[in-house]
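Encoded as structure tokens, the structure appears first; notes follow it.
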Amino acid sequence: MQIVIVDDHPLVRKGLTSILTIDGAIEILGEAANRKDALTLFHDTTPDLAIVDLRLGNESGLELITEAKQQGITCKFVVLTSSTEEHDFKQAKEIGVDGYILKEALPEELIHALGVIGRGRKYYDPGVFDLVIKSKESPFENDRHIEQLTPKEKEILLELGLGHSNKQISQALYITEFTVKKHVSQVLAKLDLADRTNAALYANAKGLVAYSVN
């Protein structure tokens, strides 16, 4: 996967480059710190994916993404931010970003998220899980139970929505299969769902996991 990084902080750009190049499947094509340089970089390198900071100094990363799309840039866009504000998240969803990832994410979580996006799905950080819930209307009557899930259980629910097996989940989240089974049981119990198939349907119905239009 060929990636470009857009962030106004040099240390963040260098840190992301160091983290992502550990994965041999990722190549960093370039970096930019502002809107003008980013648009030039998009056109010159035609990346598969762009990681864009929500706020680029006095500029908006979301406005940059919108402008890039208007100019015909077809790469996937991932917003990287420390914001868990509902307004920021809703605006990012409205312009069709492929991912929304918090800067507090662990390196392996970031790489996992990019892999999910690279396979044609959208990824929303578990840290904004509650915002995802609030942004969707659902036919489920047991939404009131969602706040009972721990952060790890929310990650498990996202993985179930992706249709992953216990083995795949254990590899993605760096926990044992036994621990996965325990978490799955807790998720089903707390959400009052019969089985993992219903959990997957629940996650997708809520928009927690979504296929891209492609």
Side-chain angles (χ1 to χ4, degrees), residues 1-128 131-132 135 162 207-214:
M1 185 187 303
Q2 296 183 316
I3 292 176
V4 297
I5 299 169
V6 184
D7 194 293
D8 59 319
H9 294 94
L11 284 177
V12 173
R13 297 197 305 272
K14 298 304 180 186
L16 286 172
T17 297
S18 297
I19 290 169
L20 296 178
T21 50
I22 293 175
D23 189 324
I26 294 176
E27 178 186 2
I28 305 300
L29 298 181
E31 305 171 5
N34 55 57
R35 167 193 156 280
K36 180 180 178 181
D37 291 346
L39 290 172
T40 299
L41 181 64
F42 296 157
H43 285 289
D44 289 347
T45 62
T46 60
D48 300 312
L49 183 148
I51 298 175
V52 181
D53 192 5
L54 182 69
R55 296 182 176 86
L56 301 168
N58 295 324
E59 299 177 321
S60 165
L62 298 183
E63 290 180 2
L64 165 63
I65 293 172
T66 299
E67 185 173 359
K69 289 188 173 188
Q70 291 172 345
Q71 293 186 12
I73 302 299
T74 59
C75 72
K76 298 180 185 300
F77 288 98
V78 174
V79 172
L80 187 66
T81 179
S82 57
S83 173
T84 56
E85 294 294 323
E86 183 176 2
H87 172 75
D88 291 330
F89 177 71
K90 288 180 67 175
Q91 189 177 356
K93 284 196 70 181
E94 286 170 2
I95 67 172
V97 301
D98 298 280
Y100 195 92
I101 303 172
L102 298 182
K103 288 186 175 181
E104 303 92 277
L106 295 173
E108 56 267 25
E109 292 173 335
L110 175 61
I111 292 173
H112 169 64
L114 296 181
V116 169
I117 294 165
R119 292 191 293 274
R121 296 177 181 265
K122 295 186 187 296
Y123 182 93
Y124 304 128
D125 194 294
V128 294
L131 299 183
V132 181
S135 70
L162 290 166
L208 305 179
V209 181
Y211 286 98
S212 70
V213 293
N214 296 323

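This one's a predicted model, so the numbers in the text were calculated from it and none came from an experiment.
At least one side-chain heavy atom of Ile101 sits less than 4.5 Å from a side-chain heavy atom of Val78. Using a 4.5 Å cut-off on side-chain heavy atoms (C-beta onward), Lys122 and Val97 make no contact. Contact check for Pro47 versus Leu29: side-chain heavy atoms found under the 4.5 Å cut-off. No side-chain heavy atom of Leu80 sits under 4.5 Å from any side-chain heavy atom of Val52. A 4.5 Å side-chain heavy-atom check between Tyr100 and Thr81 finds at least one atom pair inside the cut-off.
With Leu114 as the fixed residue, the side chain to side chain contact (heavy atoms under 4.5 Å, CB included) test singles out one of Val116, Ile111, Leu110: Leu110. Across Ile117, Asp98, Leu162, a single residue satisfies side chain to side chain contact (heavy atoms under 4.5 Å, CB included) together with Tyr123, and that is Ile117.
Rounding to the nearest 0.5 angstrom, the gap separating the CG atom in Leu39 from the CD atom in Gln70 is 10.5 Å. To the nearest 0.5 Å, atom CD1 of residue Ile22 and atom CG of residue Leu20 are 8.5 Å apart. Atom CG of Asp53 sits about 12.5 Å away from atom CG of Asn34, to the nearest 0.5 Å. In this structure, CZ on Arg121 lies 11.5 Å from NZ on Lys76, to the nearest 0.5 angstrom. A distance of 14.5 Å separates NZ in Lys90 from CD1 in Ile95, rounded to the nearest 0.5 Å. The CG atom of Leu106 sits 4.5 Å away from atom CD of Glu108, with the distance rounded to the nearest 0.5 Å.
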Practice prompt. Could you walk me through whether Thr17 and Glu31 pass the side-chain hydrogen bond (donor to acceptor under 3.5 Å, both in side chains) test, one step at a time?
Written response: CA-CA 9 Å; Thr17 297; Glu31 305 171 5; 3.1 Å; yes
Item to complete: Decide side-chain contact (heavy atoms from CB on, under 4.5 Å) for Ile28 and Thr21; before the verdict, give the C-alpha distance in whole Å, the side-chain angles of both, and the deciding distance to 0.1 Å.
Response: CA-CA 7 Å; Ile28 305 300; Thr21 50; 3.8 Å; yes
Worksheet item: How far apart are the C-alpha atoms of Ile51 and Leu49, what are their side-chain angles, what is the distance that settles it, and do they pass the side-chain contact (heavy atoms from CB on, under 4.5 Å) test?
Response: CA-CA 7 Å; Ile51 298 175; Leu49 183 148; 3.7 Å; yes
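Residues satisfying the side chain to side chain donor-acceptor pair (under 3.5 Å) test with Glu94, not counting sequence neighbours, are none.
For the residue pair Asp125 and Ala105, the shortest heavy atom distance occurs at OD2-CB, 4.1 Å. Across all their heavy atoms, Ser83 and Leu102 have their closest contact at O-CD2, 3.6 Å.
Remark: His9 NE2 is loosely packed, at most 12 non-hydrogen atoms of other residues, nucleotides or ligands lying under 6.0 Å away. The 12-atom threshold is not exceeded at CG of Leu11, counting heavy atoms of other residues, nucleotides or ligands nearer than 6.0 Å. Heavy atoms from other residues, nucleotides or ligands lying under 6.0 Å from NZ of Lys69 number more than 12.
Between Arg13 and Asp7 no salt bridge is recorded (no basic side-chain N to carboxylate O distance below 4.0 Å).
Aromatic ring centres of Tyr124 and Phe89 lie closer together than 6.0 Å. In this structure, Phe42 has its ring center closer than 6.0 angstrom to the ring center of Phe77.
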Using a 3.5 Å cut-off and no angle test, enumerate the donor-acceptor pairs between side-chain atoms of residues 54-65 and protein atoms at least two apart in sequence or in another chain.
| from | atom 1 | to | atom 2 | distance (Å) |
| --- | --- | --- | --- | --- |
| Arg55 | NH2 | Asp88 | OD1 | 3.4 |
| Arg55 | NH2 | Asp88 | OD2 | 2.9 |
| Glu59 | OE1 | Arg35 | N | 2.9 |
| Ser60 | OG | Leu62 | N | 3.2 |
| Ser60 | OG | Glu63 | N | 3.2 |

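A donor-acceptor pair is defined here as one N or O able to donate and one able to accept, closer than 3.5 Å; such a pair exists between the side chain of Asp48 and the backbone of Gln2.
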